[in-house]
Amino acid sequence: MIGSFRAIFAGYVVNKPLGSLKPSIFARSGFPTPIGPLPFLFLGIVSQSSMSLIQQGVAVLGVVFARQYHLSLAGLGILVVAPSLGMMVGLIPVGWIVDRIGPRKLLFFVAWPMAALVWTVGRATSFGTLWFLLFIMGITFGSVPGVGTKAVFLAFAGRDRGLPMGIRQTGVPIGAALSAFLLPQWVNAWGFAGLFSRLAVIIIVGSLGFAFVIPTAPPRAVRHHTMPVSQLWKALAFPAVISILLVGAQYDMLTFTIPDLVQRHGLTLALAGIVLAVAQIGGGIGRIGFGMISDRVSGHRPRVLGWTAVIAGIAMLAVSLLPHHVPVTVLIVLWFILGLGAVGWNALALTWAGESVPENQAGLAMTTMASLIYVGAVLHPPLFGYIADRTGSLKYSWLWLTGCMALAFILSWLRRWRVSRDKVL
């Protein structure tokens with residue numbers, strides 16, 4: 001696995017611009033962890049994937065929850081946002097803590113409560129209890145992206161960060177893809193209690209495995225000024241608004257792809273899960289590819305972010321116009337393209353946020369950004385479901401989301417124009 005990563009990115013390392021003062025991204029020399037950059041990123045992906053398998057798996061299991069609790073599409077949207085709402089609440093304090101005690105200590109401390117809550121979710125006896133447990137579980141889950149982004153951001157200090165951050169962030173779509181492949185089968189085989197018992201083991205192993213290799217201290221002493229809160233919010237305003245729009249594509253696709261494919265296109269639950277998993281694979285490829293591109297066009301992460309909105313918007317428009325009973329191969333190709341844009345944007349936004357503030361506030365900036373992203377993750381699925389319930393068709397929900405992508409593209413280019421103007425002035 002590690003060898004294949006090295007082969008994929010060897011060309012990128014070799015072809016660095018001549019005269020660059022930065023070390024090669026994946027060079028072992030000077031890297032401040034017990035293992036090399038690629039094994040470090042691999043364990044970071046495992047940690048993130050183990051959490052995303054559960055957090056995004058709640059949406060994948062939405063059809064099962066809806067049948068068990070007799071939920072409408074809007075009700076399904078309310079249920080699946082519970083972990084996201086918890087993460088939104090938990091991420092900002094996580095950023096403050098991780099900047100002070102470091103990512104290693106925080107992940108060691110929170111791994112056990114996370115696993116205990118996952119185990120308890122599988123034993124909820126009512127809808128209200130289930131929602132509350134998912135919410136509390138989400139609060140603890142906020143530590144995983146907070147730790148992971150800070151650890152990678154610090155470990156790759158002095159090197160191009162877009163590609164490493166993109167690689168680490170593939171843990172989200174990898175976890176979602178695995179959940180789409182596996183959870184519908186696992187819940188049928190083991191039931192909710194058996195499923196969540198096994199998921200508790202997965203998250204404790206994934207978390208502790210990464211915690212052991214995180215550096216005990218930052219790779220270099222950081223002595224920057226501290227940006228006032230008002231300036232920090234100003235720095236994060238554009239990336240936050242754009243990301244709140246873009247996250248609708250990610251979470252609405254995750255939540256409503258399977259209901260759409262089953263109801264409108266007649267696919268089985270298992271086959272619909274495969275199509276969704278392919279979309280997540282596309283998203284993982286997008287996170288790596290867009291991160292690499294943004295490193296090559298240094299200083300233009302907003303522009304690359306805008307093009308992810310274009311890709312997602314075009315694919316959503318095509319999804320809304322699909323006739324019934326489309327060949328599965330067409331659906332797979334279309335959802336792969338949709339995943340490129342709908343999932344591929346995230347690492348760009350977080351890297352943009354971290355690079356917009358002094359490095360000693362990067363953890364707070366990235367977790368604040370992630371928390372604001374989850375505002376969109378909480379708002380979008382119920383609204384998407386409400387539009388579908390009111391119109392009687394998911395087609396109009398996809399069209400609404402296409403409009404959100406268009407607005408995100410416009411804002412990204414407006415930001416680029418403002419930066420260019422400020423440089424001229």
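Keep in mind the model is a prediction, meaning the values are calculated, not measured.
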Which salt bridge (Lys or Arg N to Asp or Glu O under 4.0 Å) pairs, counting each pair once, include a residue from residues 257-268, with sequence neighbours left out? D260-R264
Nearest 0.5 angstrom please: Q48 CD to I167 CD1, how far? 14.5 Å
Mind checking whether F108 and F212 have parallel, tilted or perpendicular rings, split at 30° and 60°? perpendicular
Would you say S197 and R123 are linked by a side-chain donor-acceptor pair, where the criterion is simply a distance under 3.5 Å? yes
Checking side chain to side chain contact (heavy atoms under 4.5 Å, CB included) against F141, which of V110, V118, I136 comes through? V118
Measuring from atom CZ of F156 to atom CE of M165, what distance do you get when rounded to the nearest 0.5 angstrom? 10.5 Å
Quick check: does any side chain N or O of S207 sit under 3.5 Å from a backbone N or O of I204, one acting as donor and the other as acceptor? no
Can a donor-acceptor pair be found, under 3.5 Å and without considering hydrogens, that links the side chain of R104 to the backbone of I214? yes
Are any non-hydrogen side-chain atoms of I373 and W345 less than 4.5 angstrom apart? yes
Y386 OH: over 12 foreign heavy atoms closer than 6.0 Å: no
When rounded to the nearest 0.5 Å, the distance separating CG of L271 from NE2 of H265 is 12.0 Å
Would a distance-only check, ignoring hydrogens and angles, find a side-chain to backbone donor-acceptor pair under 3.5 Å from S397 to F384? yes
Spacing of OG1 belonging to T268 relative to CG belonging to L261, to within rounding of 0.5 Å: 10.0 Å
Does any pair with a residue in residues 311-338 pass ring pair (Phe, Tyr, Trp, His ring centres under 6.0 Å), and if so which ones, sequence neighbours excluded? none
Mind telling me whether W131 and F135 have parallel, tilted or perpendicular rings, with 30° and 60° as the class edges? parallel
Would you give the length of the straight line joining atom CG of L411 to atom CZ of F409, rounded to the nearest 0.5 angstrom? 11.0 Å
Measure the shortest side-chain to side-chain distance between Y251 and V80 over non-hydrogen atoms and say whether it is less than 4.5 angstrom. no
Would you check if the side chain of S49 reaches a backbone N or O of I174 as a donor-acceptor pair within less than 3.5 Å? no
Look at atom CH2 of W112 and say whether more than 12 heavy atoms of other residues, nucleotides or ligands are closer to it than 6.0 Å. no
Would you find a donor on one side and an acceptor on the other, under 3.5 Å apart, between the side chain of T308 and the backbone of L305? yes
Any donor-acceptor N/O pair, T257 side chain to M253 backbone, under 3.5 Å: yes
If you define the side chain from C-beta out and look only at heavy atoms, does anything of Q280 sit under 4.5 Å from S179? no
Between CH2 on residue W400 and CE on residue M405, distance to nearest 0.5 Å: 9.5 Å
Could you tell me if R198 sits above the aromatic ring of W190, with its cationic atom closer than 6.0 Å to the ring centre and no more than 45 degrees from the axis? yes
Residue pair R303 / S412, side-chain heavy-atom distance below 4.5 Å: no
Listed by chain and number, what are the side-chain hydrogen bond (donor to acceptor under 3.5 Å, both in side chains) partners of T129, not counting sequence neighbours? S126
For L401 and A249, which heavy atoms make the closest approach, and how far apart are they? CD2-CA, 3.8 Å
I'd like to know if the side chain of S143 reaches the main chain of T140, judged simply by a donor and an acceptor atom lying under 3.5 Å from each other, with no hydrogens or angles considered. yes
Over 12 foreign heavy atoms within 6.0 Å of CZ, F181: yes
Students often mix this up, so state it plainly: with edges at 30° and 60°, are the rings of F210 and F40 parallel, tilted or perpendicular? tilted
